[in-house]
Amino acid sequence: MSDPSPAAGGESPSSRRGPLRTGVVREVIGEALALRARTTGVDVLDVLDTGGGSGNFAVPVARLGHRVTVVDPSPDALFALERRAAEAGVADRVRGVQGDINGLFEVVEREGYDAVLCHGVLEYLEDPADGLHRAVEALRPGGALSLLTAGVGGAVLARALAGHFTEAREALVAPDGRWGSGDPVPRRFTAQQLTDLIDDAGLALVSVHGVRVFADLVPGGLVDREPGALEALLKLEATAAVLPAFQAVAPQLHVLGQKRG
Ligand SMILES: C[S@@+](CC[C@H](N)C(=O)[O-])C[C@H]1O[C@@H](n2cnc3c(N)ncnc32)[C@H](O)[C@@H]1O
């Protein structure tokens with residue numbers, strides 16, 4: 001019997017399931033970058049990943065051939081980013097900079113980027129609208145903003161399915177979408193709140209996607225055992241992602257905006 005372990009050169013079940021967590025978002029970003037490259041006539045774009053952490057998204061973007069600057073306050077995350085970029089053979093296209101979105105222009109240039117990613121950061125900011133404005137200021141006119149945050153509905157569903165009904169209700173009614181004082185996430189958003197933020201920041205709304213609508217609810221073993229199940233689930237995720245009914249219960253929401261001008 002063959003050994004599927006990564007050490008034996010095979011793919012682990014959790015890495016095989018990676019596209020379920022990030023596939024929808026990566027595809028939207030890939031298309032936005034391809035469009036930007038076509039409209040500007042520039043093949044190698046400048047991309048900023050604010051709060052990019054260890055490079056979940058920055059490294060795949062660099063693999064598309066673009067130059068990525070990651071700004072993150074965590075030295076550990078930046079160290080992991082450096083290692084990951086080197087392993088992927090894109091160290092020359094990924095630059096890690098220690099910094100904070102609140103002091104973004106102490107470390108990067110205003111209007112210096114074709115695309116800005118802001119993934120999993122807005123939840124942790126005291127003033128999300130202010131943080132978003134800074135991200136937009138880093139964009140060149142016509143550039144794309146990729147915003148990914150925790151979704152309220154997904155947390156409500158997850159707490160309810162785990163039998164925590166009071167917490168589920170609390171997440172549903174609390175203005176910040178938290179299920180209680182033990183909730184590790186400081187804030188969650190609805191699709192409407194995100195599209196309002198995008199509008200207030202002066203961006204044109206391009207698309208909204210629900211992320212991991214089913215992936216977090218389906219037992220991993222089921223996906224790993226059944227032949228073709230992963231591919232079928234990926235197709236289901238992609239189809240559901242654009243439907244408001246499923247966005248309303250998604251654990252993560254992705255919004256793409258474009259800077260006017
Ligand atoms: C949930 S992780 C997301 C990492 C990555 N963007 C991703 O989607 O995989 C949040 C990241 O935001 C960073 N972060 C937290 N507060 C920040 C701030 N004020 N400005 C910029 N980054 C921040 C953290 O260090 C961490 O790497």
Side-chain angles (χ1 to χ4, degrees), residues 14-15 17-30 32-33 47-63 66 68-85 87-88 90 94-110 112-113 115-139 144-152 154-155 158 176-178 183-189 194 197 201 209-212 215-216 241 250-256:
S14 74
S15 69
R17 272 185 252 125
L20 280 175
R21 290 189 294 274
T22 56
V24 167
V25 179
R26 282 194 200 181
E27 198 167 321
V28 173
I29 294 171
L33 293 175
V47 179
L48 173 66
D49 192 349
T50 56
S54 60
N56 247 344
F57 291 93
V59 169
V61 167
R63 290 181 81 163
H66 304 297
V68 190
T69 301
V70 173
V71 173
D72 201 287
S74 160
D76 289 348
L78 291 174
F79 181 71
L81 167 75
E82 204 178 302
R83 206 178 42 204
R84 200 169 182 173
E87 279 168 11
V90 294
V94 177
R95 184 169 72 102
V97 182
Q98 195 171 2
D100 193 289
I101 197 168
N102 294 313
L104 195 57
F105 301 111
E106 288 162 26
V107 290
V108 301
E109 212 187 317
R110 273 190 173 80
Y113 296 89
V116 174
L117 317 187
C118 184
H119 294 177
V121 176
L122 236 51
E123 298 89 322
Y124 299 91
L125 302 182
E126 236 166 76
D127 187 342
D130 189 57
L132 192 64
H133 271 94
R134 267 177 240 281
V136 173
E137 266 187 270
L139 276 175
L145 180 92
S146 171
L147 179 63
L148 181 70
T149 74
V152 173
D176 54 12
R178 298 184 76 215
D183 190 337
V185 180
R187 193 193 308 277
R188 294 187 182 82
F189 298 86
L194 293 180
L197 279 170
H209 286 82
V211 181
R212 292 169 19 191
D216 291 0
Q252 286 188 315
L253 293 165
H254 181 254
V255 178
L256 187 74

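Each residue takes its place number in the sequence, starting with 1. Every number for a ligand or one of its atoms is a count from 1 in the order of the listing.
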A.B. asks: Within the structure provided, determine whether L33 and H66 are in side-chain contact (heavy-atom separation under 4.5 Å).
C.D. replies: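 Counting from C-beta outward, L33 and H66 do come under 4.5 Å.
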A.B. asks: Quick one, list the residues around ligand 1 where some non-hydrogen atom comes in under 4.0 Å, by chain and residue number.
C.D. replies: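 Near ligand 1, by chain and number: G51, G52, G53, N56, F57, D72, P73, S74, D100, I101, H119, G120, V121, L125.
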A.B. asks: Taking R134 for the side chain and L104 for the main chain, is one N or O donor matched with an acceptor at less than 3.5 Å?
C.D. replies: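 Between the backbone of L104 and the side chain of R134 there is no qualifying donor-acceptor contact (under 3.5 Å).
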A.B. asks: Mind listing the side-chain donor-acceptor pairs of residues 118-125 below 3.5 Å, one per line with the distance, residues two or more places apart or on another chain?
C.D. replies:
| unit_1 | atom_1 | unit_2 | atom_2 | d |
| --- | --- | --- | --- | --- |
| H119 | NE2 | S146 | OG | 2.7 |
| E123 | OE1 | V121 | N | 3.2 |
| E123 | OE2 | A150 | N | 2.7 |

A.B. asks: Only one of D176, L147, L197 passes side chain to side chain contact (heavy atoms under 4.5 Å, CB included) with F189; say which it is.
C.D. replies: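 Testing F189 for a side chain to side chain contact (heavy atoms under 4.5 Å, CB included) against D176, L147, L197 leaves exactly one candidate, L197.
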A.B. asks: Which donor-acceptor pairs under 3.5 Å do side chains of residues 48-55 form with protein atoms, sequence neighbours excluded?
C.D. replies:
| unit_1 | atom_1 | unit_2 | atom_2 | d |
| --- | --- | --- | --- | --- |
| T50 | OG1 | L117 | O | 3.0 |
| S54 | OG | R84 | NH1 | 3.1 |

A.B. asks: Applying side chain to side chain contact (heavy atoms under 4.5 Å, CB included), name anything that partners D127, two or more places apart in sequence or on another chain.
C.D. replies: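 Scan of D127 (side chain to side chain contact (heavy atoms under 4.5 Å, CB included), adjacent residues dropped) gives A129, D130.
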